[in-house]
Amino acid sequence: MAKIDVFDTTLRDGEQSAGVNLNLLEKLEIAHQLDRLNVDIIEAGFPAASKGDLLSVKRIAEAVKGSSVTGLSRANEKDIDAAWEALKGSTEPRIHVFLATSPIHMTYKLKMTTDQVLDTAVQSVKYAKKRFPHVQWSAEDACRSDRHFLVKIIQEVINAGATVINLPDTVGYMTPEQYGDLFRYVKQHVPNINRVKLSAHCHNDLGMATANTLAAIENGADQVEGTINAIGERAGNTGLEEIAVALHIREDFYGAKTRLKLDELKRTSNLVSKLTGMSVPANKAVVGNNAFAHESGIHQDGVLKEKSTYEIISPELIGVQTNRLVLGKHSGRHAFKMKVKDMGFKFTDQKLNDAFQMFKDLADKKKEVSDEDIFAILMEKQTEAEGLPVYQLKSLQVQYGMDNIPTATIAVVRPDGIYSQEAATGFGSVEAIYNTIEKLVEDSVVLLDYKIHSVGGGRDALAEVYVQVKCNEVQSSGRGTAQDVLEASARAYLDAVNRVRSVRQHDQQKATV
């Protein structure tokens with residue numbers, strides 16, 4: 001059985017999804033869950049992109065112990081130096097260097113000749129190898145590259161010290177047959193290819209990312225790259241949950257496996273969805289809410305008689321528990337603590353107490369508190385900034401009528417501890433709330449995106465709101481959860497503003513050290 005390494009790029013390529021903006025605490029939470037999932041390599045970011053990215057990669061590299069952490073780097077010394085600064089404290093320093101090799105990229109983007117590209121690739125790998133024991137080199141847009149040139153540059157970067165060669169389908173152009181043939185061709189024509197691992201990185205522009213990645217495995221790929229929930233640039237990347245389960249269910253065909261803990265897949269999917277604000281389509285393979293739902297009478301009858309008639313993947317395989325501990329207002333702290341542990345969260349005693357109090361408050365209002373409700377509570381506590389003064393929502397009142405102008409009155413405690421209250425109008429209730437908050441925070445805030453969905457079902461379901469804003473020219477995201485849609489909207493907006501303040505205060509603290 002061939003062992004396939006899993007290279008997760010949720011925190012790098014996945015965060016490049018339009019509208020996704022994760023803060024440090026959220027990145028750390030995802031990284032810890034990827035570690036629990038048992039991925040081999042976590043691409044934590046692009047250290048040279050910004051000081052914030054470098055800090056995030058550095059913190060993740062220091063915190064994660066079970067997975068190898070890597071960072072993306074262009075083929076130049078400045079980027080490689082930034083990657084080393086971020087990754088030198090990791091247990092297994094690793095770098096991912098890329099350079100485009102297709103004629104269209106070399107001509108229009110790089111404005112370099114093939115000889116210049118070859119020399120740049122070799123020199124960058126040599127420079128990276130002086131510090132990093134593991135150097136992955138990617139031929140960006142490999143699938144539209146001249147194969148003879150591709151063979152030549154791969155051979156040279158291997159001689160320069162590369163340990164992994166990645167052949168990305170950067171624009172999702174290939175068919176499975178073509179992508180598999182590319183791997184066969186490289187293995188047959190690169191004389192020193194046995195010294196490295198071959199990696200597959202596919203985008204989903206034509207909807208073939210999973211099929212292409214599996215074709216690469218059939219033809220000798222040793223490593224697969226992708227994201228949780230298939231998020232990423234444009235139409236996204238290969239969904240790692242699909243690859244892992246496909247190899248498990250069809251091991252008779254592929255003869256390959258990963259070391260992923262499959263029963264952590266659903267939890268990882270939920271976490272990434274919550275923190276990125278990108279909902280998982282109900283019909284999404286493996287982790288969608290309808291993945292194990294049967295509505296047709298014929299299907300229901302078959303499944304009741306024998307599950308394998310229409311269900312090739314069991315819910316338990318990916319961590320969907322059919323038997324669960326129901327918590328309500330009579331549940332104690334011990335049962336809640338066990339639920340927190342089962343969900344994969346690690347809290348300090350203080351945060352656990354705060355979360356338990358939020359749970360009890362909710363349980364007084366709802367007959368039954370679902371796992372989704374508890375997950376929302378835990379996420380709110382897990383990702384809140386520690387020790388930094390923020391705006392705290394104290395009261396909210398909205399007046400609305402079809403023939404009246406919506407008016408919101410809001411009271412907050414400011415970061416300096418002063419109680420403040422304002423009122424404002426708007427064309428709708430949410431706009432009135434946000435106009436009021438903007439008066440309270442005294443910052444320039446522009447709403448870029450607003451999403452709302454229910455947590456669980458029923459008339460007493462929690463509302464979860466996700467917003468993107470630009471606050472003082474800094475883009476930020478925020479989320480809020482409450483039984484009332486308007487309260488959730490207010491909490492999400494304040495959360496986004498508080499995140500900008502947290503980043504600003506952190507930068508100021510660094511500047512004074």
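Not a single side chain to side chain contact (heavy atoms under 4.5 Å, CB included) links K341 to another residue, sequence neighbours left out. Not counting sequence neighbours, the partners of F336 by the ring-ring contact (aromatic ring centres under 6.0 Å, His included) test are F356, F359. With sequence neighbours excluded, no residue satisfies salt bridge (Lys or Arg N to Asp or Glu O under 4.0 Å) with D13. Considering only residues two or more places apart in sequence or on other chains, D205 meets the salt bridge (Lys or Arg N to Asp or Glu O under 4.0 Å) condition with R234. Residues satisfying the salt bridge (Lys or Arg N to Asp or Glu O under 4.0 Å) criterion with E438, sequence neighbours excluded, are absent altogether. Residues that satisfy the salt bridge (Lys or Arg N to Asp or Glu O under 4.0 Å) test with E264, not counting sequence neighbours, are R267.
Comment: K27 engages D53 in a salt bridge, judged by a side-chain N to carboxylate O separation of less than 4.0 angstrom. Taking a cutoff of 4.0 Å between a charged side-chain nitrogen and a carboxylate oxygen, R12 and E225 do not qualify as a salt bridge. Checked for salt-bridge contact, K3 and D40 meet the test: a charged N lies under 4.0 Å from a carboxylate O.
Counting heavy atoms from C-beta on, the side chains of I217 and I243 come closer than 4.5 Å. Here the side chains of S138 and H201 are not in contact, with every heavy-atom distance at 4.5 Å or above.
Separating the CD1 atom in I318 from the CG atom in L260 is a distance of 13.0 Å, to the nearest 0.5 Å. Atoms OG1 and CD1, on T213 and I4 in that order, are 11.0 Å from each other to the nearest 0.5 Å.
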Apply salt bridge (charged side-chain N to carboxylate O under 4.0 Å, His left out) to E29 and K274, showing your working. CA-CA 11 Å; E29 188 59 31; K274 294 285 185 185; over 6 Å; no

Between Q399 and T407, does a side chain to side chain donor-acceptor pair (under 3.5 Å) hold up when you go through it step by step? CA-CA 5 Å; Q399 292 179 313; T407 305; 4.7 Å; no

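Of the N and O atoms on the side chains of S476 and R499, not one donor lies less than 3.5 Å from an acceptor on the other residue. At a cut-off of 3.5 Å, with distance as the only test, no side-chain donor of N353 or Q357 sits close to an acceptor on the other residue. When only modelled atom types and interatomic distance are considered, T436 and E422 share no side-chain donor-acceptor pair under 3.5 Å.
Partner of E241 under the side-chain contact (heavy atoms from CB on, under 4.5 Å) criterion, out of T227, L37, L262, L265: L265 alone.
Relative orientation of the F98 and F46 rings is perpendicular, given thresholds of 30° and 60° on the angle between their planes.
Distance alone, capped at 3.5 Å, places no donor-acceptor pair between the D449 side chain and the Q468 backbone.
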